[in-house]
**Student:** 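First, the structure itself, so that you have it in front of you.
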There are 2 protein chains.
Amino acid sequence: MRDVDLNRIRGLQLFAGMSDARFTDATGGAFLQNFPANATLLYEGDPVDFLYILLEGTVELQGTWKDKESTLAILRPISTFILAAVVLDANALMSARTLEKSQILMLSAESLRRTMNEDPAFAVAVAQEVSGCYRGLVRSIKNQKLRSGAERLANYLLTLQVRQGGVETVTLPHEKRTLASLLGMTAENLSRAFATLSDYGVEVQGAEVKLARPVPLRRLAAPSPLLDNHMPPGKGTTGKAAKEMWPPSERSCSAERG
Amino acid sequence: MRDVDLNRIRGLQLFAGMSDARFTDATGGAFLQNFPANATLLYEGDPVDFLYILLEGTVELQGTWKDKESTLAILRPISTFILAAVVLDANALMSARTLEKSQILMLSAESLRRTMNEDPAFAVAVAQEVSGCYRGLVRSIKNQKLRSGAERLANYLLTLQVRQGGVETVTLPHEKRTLASLLGMTAENLSRAFATLSDYGVEVQGAEVKLARPVPLRRLAAPSPLLDNHMPPGKGTTGKAAKEMWPPSERSCSAERG
DNA sequence: CGGATATTTGAAATCTCTCAACGACAGTGG
DNA sequence: CCACTGTCGTTGAGAGATTTCAAATATCCG
């Protein structure tokens, strides 16, 4: 493990209150691994021996049942994943695989559990991190159960717009079929959802999507902090109001949602 | 606060590793409250000042968007709720209301956060509890995205059967319209889903549901520990295999799912 | 009993999925 | 350079699932 790699995660909320000694200890058995695109890191049901931290690339978390599969989240750096299974020493509920060439840091689950017990600040940080992920999932379920396909797409596009700095034309960061699965629909249906949104000024050209009439689009989408996380990760404002609306640990779980 | 009430929660995983002194401290600002049926405890978006612990009765957690609402979980004693918001000092993402007369213990969120910082074992227990809830939600999303309405109902019935001790005729613990919302469908559709399942030996008589042909029903439902939590709360076996399959904290989040 | 609420059923509309075909595109190898 | 191939995205048609609205029936509770 090179220091330069460890330093990249030293700044995470998760390790914030930790002493250097303890950090060194916790990351003792860690190693950095490079994966090609479409590499499966973990199958659902597998025992979890590591906490994964995505440093470069893209990782998809997915679930399977009876030959059907669904994307539950798409991760971008820097994100931890499978933390809850690590905490409980349980089997994975989701499969993880790379969508592109990725660099992933793997920390020993057992070391982390030991560190949790030895370092109170770390245990608190873990609780906060998992709580943030939990709240992300609550939003996810609400999004899924309360909105139609076109509404989910509209909100996805508006969230993307905020994350990309408010540009008029956003760039879809993933293949459309992956996006469809994330949004809980088939690829064909995503196509039709885009067609539906053309009535609201959405113009698609490959991965480029122009949101030409934001006002009617927002009226359809009705984004809400109770269902959507519009904060650009790592771009949180420092004002008190913004902090309370989007606590840091909630931002650190940077999964894009369906 | 009477000791007899505090003793009821003293045995929870959440407070297991805690010293009596610290427990007394943490529950200092606590109070017990009785609510009638259909009382709203908390609206989504509200600041969260308490950790709620359901001692008697039934509580529904629900989400709302644009005049639509959906039941996210139904809680039975003894369950904590809104823990993640307490940990992060954030606003509630779900509304909570009683479905029947309920007795609820309310612990000061601020005291709990302070206790987390002072008592490492408690911080670990919180992390484990939230992790268990997180995994419950992962199962929930997979259930919702991967299964059809009839499949969700079939699995709900089979889970109910296990929880009620393997009886042939299970008793629905909630109104059908509430159940429908939990399962992510309309009340009308739940009726039709029951009709569909009659081909699989499901006979409905009010709240009594006879599962007359378990084998074909199970083939349709295809229950899986990766999507369902079949363990009866408080009835976990003590064998090693069972423990690894259903870690204690995962059981403590006794939300019934849709 | 009466009235309110819950549940079921029917019919139509809407949404979503499946299957199939087609065009666009990139990479390969002749 | 150009067919060949495979993947991806779109479109159409039909089937299936789900929702909505309306009405009928059942159940609960005072």
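A, B, ... follow the sequence lines: proteins, then strands. Residue 1 opens every chain.
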**Student:** Does any donor atom in the side chain of B:T71 or B:Q62 lie under 3.5 Å from an acceptor atom in the other side chain?
**Tutor:**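 No donor-acceptor contact under 3.5 Å links the two side chains.
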**Student:** Rounded to whole angstrom units, what separation is found between the NE2 atom of B:H174 and the P atom of C:dA6?
**Tutor:**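 Whole-Å distance recorded here is 15 Å.
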**Student:** Does a side-chain heavy-atom distance below 4.5 Å link B:I53 with B:I104?
**Tutor:**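 A side-chain contact under 4.5 Å is absent here.
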**Student:** Would you say B:E168 has more than 12 foreign heavy atoms packed within less than 6.0 Å of its CD?
**Tutor:**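 Counting neighbours around CD of B:E168, more than 12 heavy atoms of other residues, nucleotides or ligands fall under 6.0 Å, so yes.
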**Student:** From CG of B:L172 over to C1' of C:dT7, roughly how many Å is that when rounded to an integer?
**Tutor:**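 One finds 12 Å between C1' of C:dT7 and CG of B:L172, rounded.
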**Student:** Here's a test for you: under side chain to side chain contact (heavy atoms under 4.5 Å, CB included), which of A:L157, A:T171, A:L160 qualifies with A:V209?
**Tutor:**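 So the option named by the test is A:L157.
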**Student:** Should we count NZ of B:K68 as having more than 12 external heavy atoms under 6.0 Å?
**Tutor:**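 More than 12 heavy atoms, drawn from other residues, nucleotides or ligands, come within 6.0 Å of this atom.
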**Student:** To the nearest Å, give me how far apart CZ (B:R177) and C1' (C:dA4) are.
**Tutor:**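 From B:R177 CZ to C:dA4 C1': 12 Å.
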**Student:** Check the distance between C:dC25's P and A:Q205's CD and give it to me in whole angstrom.
**Tutor:**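 Distance, rounded to whole Å: 10 Å.
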**Student:** Is a salt bridge present between B:R76 and B:E100, judged by a nitrogen-to-oxygen distance below 4.0 Å?
**Tutor:**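 Looking at B:E100 together with B:R76, the answer is yes, because their closest N to O distance falls below 4.0 Å.
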**Student:** Determine whether the aromatic ring centres of A:Y134 and B:Y134 lie less than 6.0 Å apart.
**Tutor:**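 Here the rings of B:Y134 and A:Y134 have centres that are no less than 6.0 Å from each other.
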**Student:** B:G149 near the nucleic acid: base, sugar-phosphate alone, or nothing, with a heavy-atom cut-off under 4.0 Å?
**Tutor:**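 Result for B:G149 = sugar-phosphate.
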**Student:** Under 4.0 Å from a heavy atom of chain B: give me the 5'-most and 3'-most nucleotides of DNA chain D that qualify.
**Tutor:**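 With heavy atoms of chain B under 4.0 Å away, the range is D:dT18 to D:dC21.
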**Student:** Find the distance A:E175:CD to C:dC25:P and express it as a whole number of Å.
**Tutor:**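 For the pair A:E175 CD and C:dC25 P, the rounded distance is 16 Å.
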**Student:** Would you kindly give the NZ-to-C1' distance between A:K68 and C:dT18, to the nearest whole Å?
**Tutor:**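 One finds 12 Å between C1' of C:dT18 and NZ of A:K68, rounded.
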**Student:** Does any residue of residues 185-203 of chain A have a heavy atom under 4.0 Å from DNA chain D, and if so, which ones, in number order?
**Tutor:**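 Within this stretch, A:E188, A:S191, A:R192 sit under 4.0 Å of the strand.
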**Student:** Taking the six-membered ring for Trp and the single ring otherwise, decide whether the centroids of A:F35 and A:Y52 are under 6.0 Å apart.
**Tutor:**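 Between A:Y52 and A:F35, which both carry aromatic rings, the centre distance is not below 6.0 Å.
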